[in-house]
2 protein chains.
Amino acid sequence: MSQVRPMRADARRNYERLLKAAAVAFAEHGENASLDDIAKRAGVGSGTLYRHFPTRQALLEAAYVDRIEAIAARADELAKELPPGEALVEWLNELCAGTIQVRGMKALLGSAVTDGSSLAVTACGTSMKEAAGRLVEAAQREGTLREDLEPIEVLRLAHGVATASELADGRGEHIRRYLSLLTDGLRP
Amino acid sequence: MSQVRPMRADARRNYERLLKAAAVAFAEHGENASLDDIAKRAGVGSGTLYRHFPTRQALLEAAYVDRIEAIAARADELAKELPPGEALVEWLNELCAGTIQVRGMKALLGSAVTDGSSLAVTACGTSMKEAAGRLVEAAQREGTLREDLEPIEVLRLAHGVATASELADGRGEHIRRYLSLLTDGLRP
DNA sequence: GCACTAAACGGAGACAGTCCCCGGTTATCT
DNA sequence: AGATAACCGGGGACTGTCTCCGTTTAGTGC
C-alpha cells in the first residue's frame, strides 16, 4: 500500500486501544455509541480518534474486521464438514446470529451488501461475498439451490432474516425457523 | 377516551400543523429528522411539539397512522379482487413498497411487529395485524400457505424482504423478486 | 362586551454528541 | 544531540434533544 513508513509506535498503540474500546462500546450501545466516549475510554483525545478513523463507518469496520473475517473463514470449515446445501444454511445461520448478537455489526454487514455503498468494495465486504460465493456455487452444482441466485442476494436475504428475527425477540431465537421458511418457501 | 373536553382551537391547529410538517420532514430525512426543525417548519415552539408528542415514536406514529390504516384497508380490497394466495402476496408487495418509499415509515412498521414494543398494541399496529390475519387465514384455508404461520410472522418476514430490497437498490425494484424467493423458497 | 381562569404557547437554556483546528509534544533519523 | 515530520489532545463551534416557566390566549359565565 502507500504505507511507506511504518506507523509510529505511539500511533500504533493508540490505534489498537481505540479499536478495543470501540468494539466494547459498539457491542454495548449499538452502532450509535458516542465516539467521544470511545476516545475517553481508550484514554485518548477525540482528535486522535477522528484522525485515525475519519468516519464512524471506518471505526466500525476496523473494530469488527477480524470478527467478520472469522465468519467468512467459517464458510470453508463448514464446506468440509457438511454437504453443500447444509453448509450454506448452517453458515447463514451463524451469520445471522452474529448479526444480531453483536449490536453494531448489523449496520456494518448491512452496508457491506448495499449497492453503491463505499464499504461494498473494502476487504471484509469482498471476503464475505467470496465466502458466500463459494458456498452458493457449490450448492447450485449439487442441485439444492436455485441457479438464478447471486451470492450477494443470498447475503441480503440473510440480512432480512436477521432483521425479522430481531423483531421477533431481539435474541435470535427465531433465526433457524425464519431461515428454513426462506429456504423452503411459505407454501405448504 | 379521557378526552372529556374537546381540544382548544389553537391546540388543535398546532397539532395539525405539526403533523403535516412531520410527515414532510420524516419523508425527506427519514426517522431521524430534527424535531426542533419540524417545530420550526410548523411555526411552533419546540415546547409545543414535545407537549403534543412526548416521544419521537409518538409523532412518527401520529404522522403516518392514516397511511398505515390505508394499507390495512387495502388488504380487504385485494381480498375481493384476487384469490387468497395472490391477494396476500400482492398486499405484501404493496406493504414493502410503502415501507421503503416513505422514509421514516420503516421504523414505525418495524416496531409495530416487534415483540415487546409499546407500539405493538396501539391502533395502527393492531389493524395491520388484523389485516394480515384475515389474508393469512384465507390463504391457509385455500391451501396455498403453510398452516403453521402466524400473521405477525408474515409481517416480520415482509419487513425482512423490504430490508433486503432496500439494501439492493434503495428504490424497491427488487421487492417482487425477493418476495417470490420467500414464497417459493430457495430450492430449485 | 368584559373579566377570569385553565389551557396552551414558545423560546431560553442545560445538556450531550460530533467534528475540526492548532499549539504543543514526541518518536525517529542523521 | 538536534532537526523534523508525525502525532497528540482538548478547547470550542455547531447541531440536536428536551425541560422549565413566564407569558399569552381561548373559552366560559356574567
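Convention: sequence-line order gives letters A, B, ...; per-chain numbering from 1.
Surrounding CZ of A:Arg134 are more than 12 heavy atoms belonging to other residues, nucleotides or ligands, all under 6.0 Å away.
The nearest whole Å value for the distance from the CE atom in B:Met7 to the P atom in C:dA7 is 13 Å. Look at CZ on A:Arg13: it is 19 Å from P on D:dA6, rounded to the nearest Å. Going from atom CZ of A:Arg17 over to atom C1' of D:dG9 covers 13 Å, rounded to whole Å. If you take CD of A:Glu16 and C1' of D:dC7, they are 16 Å apart, rounded to a whole angstrom. Note: CG (A:Asp10) to C1' (C:dG24) measures 14 Å, nearest angstrom. Rounded to whole Å, the distance from CG on A:Leu49 to C1' on C:dC20 is 13 Å.
Residues passing the side chain to side chain contact (heavy atoms under 4.5 Å, CB included) test with A:Glu86, sequence neighbours excluded: A:Leu82, A:Pro83.
With 3.5 Å as the limit, one finds a donor-acceptor pair spanning the side chains of B:Thr144 and B:Glu142. Under 3.5 Å, the side chains of A:His174 and A:Asp169 contain a donor-acceptor pair of N or O atoms.
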Do any side-chain atoms of residues 157-164 of chain B form donor-acceptor pairs under 3.5 angstrom with protein atoms, and if so which ones, sequence neighbours left out?
{"unit_1": "B:Thr163", "atom_1": "OG1", "unit_2": "B:Lys106", "atom_2": "NZ", "d": "3.3"}
{"unit_1": "B:Thr163", "atom_1": "OG1", "unit_2": "B:His159", "atom_2": "O", "d": "2.9"}

Please set out all donor-acceptor pairs under 3.5 angstrom arising from side-chain atoms of residues 91-99 of chain B, sequence neighbours excluded.
{"unit_1": "B:Trp91", "atom_1": "NE1", "unit_2": "B:Ile71", "atom_2": "O", "d": "2.9"}
{"unit_1": "B:Glu94", "atom_1": "OE1", "unit_2": "B:Arg74", "atom_2": "NE", "d": "2.8"}
{"unit_1": "B:Glu94", "atom_1": "OE2", "unit_2": "B:Arg74", "atom_2": "NE", "d": "3.4"}
{"unit_1": "B:Glu94", "atom_1": "OE2", "unit_2": "B:Arg74", "atom_2": "NH2", "d": "3.1"}
{"unit_1": "B:Thr99", "atom_1": "OG1", "unit_2": "B:Leu95", "atom_2": "O", "d": "2.7"}

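No donor-acceptor pair under 3.5 Å is formed between the side chain of B:Arg17 and the backbone N or O of B:Val44.
Within the 4.5 Å cutoff, the side chain of B:Ile152 has no heavy atoms near those of the B:Met128 side chain.
Taking side-chain N and O atoms only, A:Tyr50 has no distance below 4.0 Å to OP1 or OP2 of C:dC20. One finds no side-chain N or O of B:His52 lying less than 4.0 angstrom from the OP1 or OP2 phosphate oxygen of C:dA8. Side-chain nitrogen and oxygen atoms of B:Asn14 include at least one within less than 4.0 Å of the OP1 or OP2 phosphate oxygen of C:dC9. Within the 4.0 Å cut-off from OP1 or OP2 of C:dT26, not a single side-chain nitrogen or oxygen of A:Arg8 is found.
For DNA chain C, the neighbouring residues in residues 20-44 of chain A, judged by any heavy atom under 4.0 Å, are A:Ala33, A:Ser34, A:Leu35, A:Asp36.
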When you compare the protein's N or O atoms with those of nucleotides 21-23 of chain C, which come within less than 3.5 Å of each other, and at what distance?
none

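For residues 35-47 of chain B, the pairs satisfying side chain to side chain donor-acceptor pair (under 3.5 Å) are B:Glu28-B:Arg41, B:Asp37-B:Arg41, with sequence neighbours left out.
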